[in-house]
Each structure stands twice: as structure tokens, then as C-alpha cells.
Amino acid sequence: TQTTRPQRLLAAVQKNATRGDPRSVVKAIDQFCRQKEWAMNVGDEKGCILDSVVTEVNPATVLELGTYCAYSTVRIASLLPPHAKLITLEFNPHNAAIARQVIAWAGLGDKIQLVEGASGDWIPKMKEKFAIETFDLVFLDHWKDRYLPDTKLMEECGLLRKGSILLADNVICPGTPDYLEYIRNSPRYKSQYFRSHLEYTKVEDGLEKSVFLG
Ligand SMILES: Cc1ncnc2c1ncn2[C@@H]1O[C@H](/C=C/CNC(=O)c2cc(-c3ccc(F)cc3)cc(O)c2O)[C@@H](O)[C@H]1O
Ligand SMILES: [Mg+2]
């Protein structure tokens with residue numbers, strides 16, 4: 001029977017990466033995507049920008065929207081301080097199952113909590129279910145038409161504090177026009193565009209970093 005792309009990506013990790021070594025997991029996925037099959041991971045070029053933001057923010061609490069195969073989950077978690085928590089939301093059970101195995105291979109199971117379900121359902125439950133006050137960093141990389149509604153929902157649920165950072169992938173390609181328009185014109189955010197390229201291609205894409213001003 002035919003395998004799926006996430007299954008083939010996981011097989012490449014298990015073949016080429018060292019157990020317990022997150023950077024080798026990241027490298028194995030990038031190699032797979034460059035040499036074998038493109039996949040919608042944030043990738044190595046935008047990944048370096050992601051790394052620099054994570055390092056600068058040094059977050060104690062991180063929320064990722066859209067785990068997919070956990071490439072960015074592993075990339076972020078490998079840079080977190082000892083007691084930091086990363087919660088990642090994924091509603092496709094197949095993708096979640098693959099992501100759990102990638103996270104386990106990287107040895108980051110104790111830093112990452114993968115929650116299966118839709119962001120819109122789980123964001124309102126974050127405080128009570130996960131003892132979260134606010135998120136220091138949110139990485140948006142799920143369906144592009146969910147960036148804006150979920151950002152408004154996080155505001156309403158009091159999950160952002162003065163200084164919380166939102167980092168959004170794909171603001172050019174595939175594009176998130178309604179999110180960009182909102183976040184760049186809202187007096188409650190200070191935004192900065194990091195120009196880059198769509199993962200593993202020469203197509204323009206970029207990350208939008210926004211600071212919540214309270
Ligand atoms: C509301 C909700 N709740 C929970 N999980 C959710 C969720 N919405 C989606 N998910 C999950 O997250 C992933 C989906 C990611 C969507 N990402 C993209 O579509 C994407 C596409 C490209 C791309 C660019 C050029 C092309 F020609 C083709 C594709 C590049 C990218 O970097 C992308 O991120 C996927 O695992 C999905 O199950
Ligand atoms: Mg993306």
C-alpha cells in the first residue's frame with residue numbers, strides 16, 4: 001500500500017538522524033525535502049530567522065499553530081531554556097502521529113506537548129487545561145485563513161501580554177493578506193517583515209514578527 005509524504009519524511013529521519021540529536025533531525029528533514037520531496041516545513045532559510053527570534057525572545061511559554069511533521073516544533077524546542085514549555089496544536093490525526101514520532105526521535109518529548117485538535121477549540125481552553133497565563137511566543141504556520149481569527153481569539157482569551165511575540169510563516173506565499181492588513185495597521189502591534197524565500201525554493205516568502213503592545 002502507498003505511503004504518505006509524512007510517513008516518508010519520518011522514515012528519512014529514522015534512517016539519517018541520530019536519536020536524541022534535534023539538529024540532526026532538522027538536517028535530515030531539510031535534506032529529504034531538498035533531495036527527495038518538497039514538504040511544507042518552514043525550512044532551513046526561514047528556519048534561521050525563526051532560530052534568531054527564539055534565541056532573542058528566550059521564551060518560557062511557546063504556542064505553535066500547525067505542527068504538521070514537527071520540523072519547526074523540534075527546531076524551536078531545541079533552543080528553549082530548561083523549564084520552558086512548547087504547546088503545539090495539530091488537528092490531522094495522521095500528521096499528529098508522525099509528528100509525535102519525530103519529536104520522540106529528537107528526544108524532546110519532555111519539552112513539547114502536542115495537542116490534537118483545532119486551534120479554535122483549544123485556544124479558549126489553554127489557561128485552564130495547561131496552566132498557561134500568557135504565551136511569550138506564538139508561531140503561526142497552520143491554514144493561512146486561520147491566522148487572523150486565531151490572533152483575535154488569543155487577544156480575547158487574554159493569552160497575550162505586553163511584549164508577547166507573534167511570528168507568522170508564509171505571509172507572502174501562500175500569503176495571509178487579511179492577517180497582514182490587520183497586524184500592520186493595528187495600534188496594538190508593532191510589526192517587522194523578514195524577507196526570505198519559500199522553503200527549498202527561490203520563490204519570495206517571509207516571516208512577519210509582531211510585538212503585542214498590550
Ligand atoms: C485550525 C487548525 N488547527 C490545528 N491544526 C491545523 C489547523 N489548520 C491546519 N492545521 C494543520 O497544520 C498543517 C497545515 C499547514 C498549512 N500550511 C500551508 O498550507 C503551507 C503551504 C505552503 C505552500 C507554499 C507554496 C505552494 F505552492 C504550496 C504550499 C508553504 C507553507 O510553509 C505552509 O505552511 C497541517 O498539518 C494541518 O493539519
Ligand atoms: Mg509554513
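Ligands are counted one by one from 1 in listed order, and the atoms in each one are counted from 1 as well.
- Near N92, with a cut-off below 4.0 Å to any heavy atom, the atoms of ligand 1 are 38 (O).
- At a heavy-atom cutoff of 4.0 Å, ligand 1 is contacted by no atom of D150, backbone or side chain.
- The backbone N or O of D21 sits nowhere less than 3.5 Å from a side-chain atom of T18 that would complete a donor-acceptor pair.
- None of the N, O or S atoms belonging to M40 lies under 2.8 Å away from the Mg ion (ligand 2).
- Taken from OG in S72 to CG in D169, the straight-line distance is 8.0 Å, to the nearest 0.5 Å.
- Atoms of ligand 1 found under 4.0 Å from any heavy atom of D141 (numbered from 1 in listed order, with element): 15 (C), 16 (C), 17 (N), 34 (O).
- In this structure, the protein non-hydrogen atom closest to atom 21 (C) of ligand 1 is P174 CG, 3.6 Å.
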Using the salt bridge (charged side-chain N to carboxylate O under 4.0 Å, His left out) rule, take E199 and K46 through it: C-alpha gap first, then chi angles, then the decisive distance, then the call.
-> CA-CA 7 Å; E199 49 266 29; K46 287 186 289 178; 2.7 Å; yes

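- Taking every non-hydrogen atom of C173 and a distance limit under 4.0 Å, the qualifying atoms of ligand 1 come out as 25 (C).
- Nearest-heavy-atom check against atom 35 (C) of ligand 1 across E90, E64, H142, E199 picks out E90.
- Against a heavy-atom cut-off of under 4.0 Å, L198 is close to the following atoms of ligand 1: 24 (C), 25 (C), 30 (C).
- A 6.0 Å sphere centred on CZ of R23 holds more than 12 heavy atoms belonging to other residues, nucleotides or ligands.
- Close N/O approach between W38 and ligand 1 is not found [any backbone or side-chain N/O within under 3.5 Å].
- Atoms of ligand 1 found under 4.0 Å from any heavy atom of Y68, numbered from 1 in the order shown, are 36 (O).
- Contact analysis puts G117 in contact with ligand 1, with a non-hydrogen atom separation below 4.0 angstrom.
- Heavy atoms of other residues, nucleotides or ligands lying less than 6.0 angstrom from NZ of K190 number 12 at most.
- Put simply, atom 27 (F) of ligand 1 has no protein non-hydrogen atoms near it, under 4.0 Å away.
- Here the protein heavy atom with the shortest distance to atom 1 (C) of ligand 1 is S119 OG, 3.2 Å.
- Between the side chain of Q7 and the backbone N or O of T4, at least one donor-acceptor pair lies under 3.5 Å.
- Distance from atom 17 (N) of ligand 1 to its nearest protein heavy atom, with residue and atom name: K144 NZ, 3.3 Å.
- Which parts of ligand 1 touch D169 is read off a 4.0 Å heavy-atom cut-off, strictly below it: atoms 32 (O).
- In terms of protein heavy atoms, atom 12 (O) of ligand 1 is closest to G66 CA, 3.3 Å.
- Counting heavy atoms of neighbouring residues, nucleotides and ligands inside a 6.0 Å radius, atom NZ of K127 exceeds 12 of them.
- In this structure, a donor-acceptor pair under 3.5 Å is present between the side chains of Y71 and D30.
- With respect to the Mg ion (ligand 2), D141 has OD1 as its nearest N, O or S atom.
- Not a single heavy atom of Y200 lies less than 4.0 angstrom from ligand 1.
- Residue contacts with ligand 1: N41 is placed with no nitrogen or oxygen under 3.5 Å of a nitrogen or oxygen of the ligand (distance criterion only).
- Side chain of E208 to backbone of A168: no donor-acceptor contact under 3.5 angstrom is found.
- Cation-pi geometry between R161 and F135 is not satisfied (NZ or CZ under 6.0 Å from the ring centre, within 45° of the ring normal).
- Under the 4.0 Å criterion applied to side-chain N and carboxylate O atoms, K202 and D205 are not assigned as salt-bridge partners.
- Protein heavy atoms are found inside the 4.0 Å sphere centred on atom 23 (C) of ligand 1.
- Given atom 33 (C) of ligand 1, the protein heavy atom at minimum distance is N170 OD1, 3.3 Å.
- A donor-acceptor contact closer than 3.5 angstrom links the side chains of R8 and T3.
- The closest protein non-hydrogen atom to atom 14 (C) of ligand 1 is W143 CZ3, 3.3 Å.
- Listed by number with element, the atoms of ligand 1 under 4.0 Å from a non-hydrogen atom of N95 are 35 (C), 36 (O), 38 (O).
- A salt bridge is defined here as a Lys NZ or Arg NE, NH1 or NH2 lying under 4.0 Å from an Asp or Glu carboxylate O, and E204 with R195 meets this definition.
- At least one donor-acceptor pair closer than 3.5 Å links the side chain of Y147 to the backbone N or O of L140.
- Within D169, the N, O or S atom lying nearest to the Mg ion (ligand 2) carries the name OD2.
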Candidate pair R100 and E116, rule salt bridge (charged side-chain N to carboxylate O under 4.0 Å, His left out), full reasoning | CA-CA 11 Å; R100 289 188 199 285; E116 246 178 271; 3.4 Å; yes

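- The shortest contact between atom 10 (N) of ligand 1 and any protein heavy atom is with F91 CE1, 3.7 Å.
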